[in-house]
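The next block holds one structure in the form of structure tokens; read it before the comments.
Computed from a predicted structure; not experimentally measured. Computed from heavy atoms alone, side chains included, the values below leave out hydrogens, waters and symmetry copies.
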Amino acid sequence: VPSDLFDGETTGSTPSGWTVTVPSDYSLTINDTIFHGSSGKSAKYEDLSTSASAGRVSRTFDNQYGSLEFSFAVLITNPEYFMMYIDDSMPYPSVHGANIYFMPDMSIAYYDDAFHYLRPFSLLTWYQIKMVIDVPTNTYDIYVDNVLQAKSVHFRGFGEAAFLNMIEIGGNTREKPVGYIDDLLLTAQVHEAPIA
């Protein structure tokens with residue numbers, strides 16, 4: 001099963017398979033002090049910029065046209081629109097795909113053409129996020145800690161996404177979001193989609 005547990009990675013390095021396009025503004029580094037579960041490592045996302053830029057932290061995978069399940073554990077230390085996307089790699093703001101946000105008001109939300117609020121969250125607490133995605137209909141279900149929070153919500157973006165091929169992490173660059181991810185898993189119904 002393709003996964004990113006980060007446990008075999010070198011502390012302080014960018015995890016293998018991930019790309020940081022503007023390292024002066026964004027970082028994704030292996031951390032061994034905060035992790036999900038009883039042992040291991042996680043990946044810490046940190047925004048270092050002072051203004052919006054075109055940089056991104058991302059990981060690509062083979063184009064997927066059918067049904068996907070994307071799950072991960074996340075712990076937020078500074079929300080400020082901390083986001084996780086699985087999308088079609090189009091440049092912002094034309095990106096299409098499934099997403100989840102951790103908002104400045106301490107709520108979990110998703111975005112299609114507006115923000116939709118799902119439930120509150122707490123800082124320094126791990127949450128299990130799962131998105132069950134249907135690419136042909138451009139819709140997905142959102143689970144938080146195995147509880148369904150939203151069903152058949154539409155992808156972000158106008159128009160349609162024919163496929164998904166990228167995982168992205170980001171946020172509001174002016175407010176410096178910080179969060180940790182762990183136990184990332186992507187599976188496909190038709191065939192397994194490695195995220196390496």
- [ ] Given side-chain contact (heavy atoms from CB on, under 4.5 Å), test Glu160 with His154 step by step and report yes or no.
- [x] CA-CA 10 Å; Glu160 300 297 322; His154 200 273; 3.9 Å; yes
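- Taken to the nearest 0.5 Å, the CD atom of Glu69 stands 9.0 Å off from the CD1 atom of Ile133.
- When side chains are defined from C-beta on, Arg156 counts as touching Val95, because their heavy atoms get closer than 4.5 Å.
- At a threshold of 4.5 Å between non-hydrogen side-chain atoms, the residues Leu28 and Pro15 count as touching.
- A donor-acceptor pair under 3.5 Å links the side-chain atoms of Tyr127 to the main chain of Ser122, judged by distance alone.
- Side-chain atoms of Ser42 come within 3.5 Å of backbone N or O of Ile34 as a donor-acceptor pair.
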- [ ] Decide yes or no on side-chain contact (heavy atoms from CB on, under 4.5 Å) for Asp4 and Arg59, but give the supporting numbers first.
- [x] CA-CA 11 Å; Asp4 235 339; Arg59 184 163 188 172; 2.2 Å; yes
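- In this structure the side chain of Tyr140 never reaches within 4.5 angstrom of the side chain of Phe70, judged on heavy atoms.
- Without hydrogens or angle criteria, Ser13 side chain to Thr11 main chain gives no donor-acceptor distance under 3.5 Å.
- Rounded to the nearest 0.5 Å, atoms CD (Glu168) and OH (Tyr45) are 10.0 Å apart.
- Listed for the Asn63 side chain is no donor-acceptor partner under 3.5 Å among the backbone atoms of Phe163.
- Contact check for Asp47 versus Tyr81: no side-chain heavy atoms found under the 4.5 Å cut-off.
- Residues passing the salt bridge (charged side-chain N to carboxylate O under 4.0 Å, His left out) test with Glu9: none are found, sequence neighbours excluded.
- Checked against salt bridge (charged side-chain N to carboxylate O under 4.0 Å, His left out), Asp88 has no partners two or more places apart in sequence or in another chain.
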TODO: Given side-chain contact (heavy atoms from CB on, under 4.5 Å), test Ile100 with Val74 step by step and report yes or no.
DONE: CA-CA 11 Å; Ile100 193 144; Val74 59; over 6 Å; no
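- Side chains of Tyr180 and Phe35 form no contact here, defined as non-hydrogen atoms less than 4.5 Å apart.
- Interatomic distance, CG of Asn165 versus CZ of Phe61, reported as 6.0 Å (0.5 Å rounding).
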Which side-chain N or O atoms in residues 101-108 pair as donor and acceptor under 3.5 Å with protein atoms at least two apart or in another chain?
residue, atom, partner, partner atom, Å
Tyr101, OH, Tyr85, OH, 2.9
Asp105, OD1, Ser107, N, 3.1
Asp105, OD1, Ser107, OG, 2.6

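- Side-chain atoms of Ile169 and Phe82, non-hydrogen and from C-beta on, do get closer than 4.5 Å to each other.
- Residues Asp183 and Leu5 form a side-chain contact, since some pair of their non-hydrogen atoms from C-beta on lies under 4.5 Å apart.
- For Lys41, there are no salt bridge (charged side-chain N to carboxylate O under 4.0 Å, His left out) partners at least two apart in sequence or on another chain.
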Open item on the list: Walk me through whether Ile167 and Phe72 qualify under side-chain contact (heavy atoms from CB on, under 4.5 Å).
Closed with: CA-CA 11 Å; Ile167 300 167; Phe72 58 94; over 6 Å; no
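- Between atom CG of residue Asn99 and atom CD1 of residue Ile86 there is a gap of 11.0 Å, rounded to the nearest 0.5 Å.
- Remark: side-chain polar atoms of Asn138 are paired, donor with acceptor, to backbone N or O of Ala161 under 3.5 angstrom.
- A 4.5 Å side-chain heavy-atom check between Leu75 and His36 finds every atom pair outside the cut-off.
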- [ ] Decide yes or no on side chain to side chain donor-acceptor pair (under 3.5 Å) for Ser27 and Thr29, but give the supporting numbers first.
- [x] CA-CA 6 Å; Ser27 72; Thr29 54; 4.9 Å; no
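- Checked by atom type and distance alone, the side chain of Lys176 pairs as donor or acceptor with a backbone atom of Ser49 at under 3.5 Å.
- Taken to the nearest 0.5 Å, the CD1 atom of Ile181 stands 10.0 Å off from the CD1 atom of Ile76.
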Without placing hydrogens or testing angles, list every side-chain donor-acceptor pair under 3.5 Å for residues 113-121, not counting sequence neighbours.
residue, atom, partner, partner atom, Å
His116, NE2, Asp112, OD1, 2.8
His116, NE2, Asp112, OD2, 3.2

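- Partners of Ser152 according to the side-chain contact (heavy atoms from CB on, under 4.5 Å) rule, which considers only residues two or more places apart in sequence or in another chain, are Asp141.
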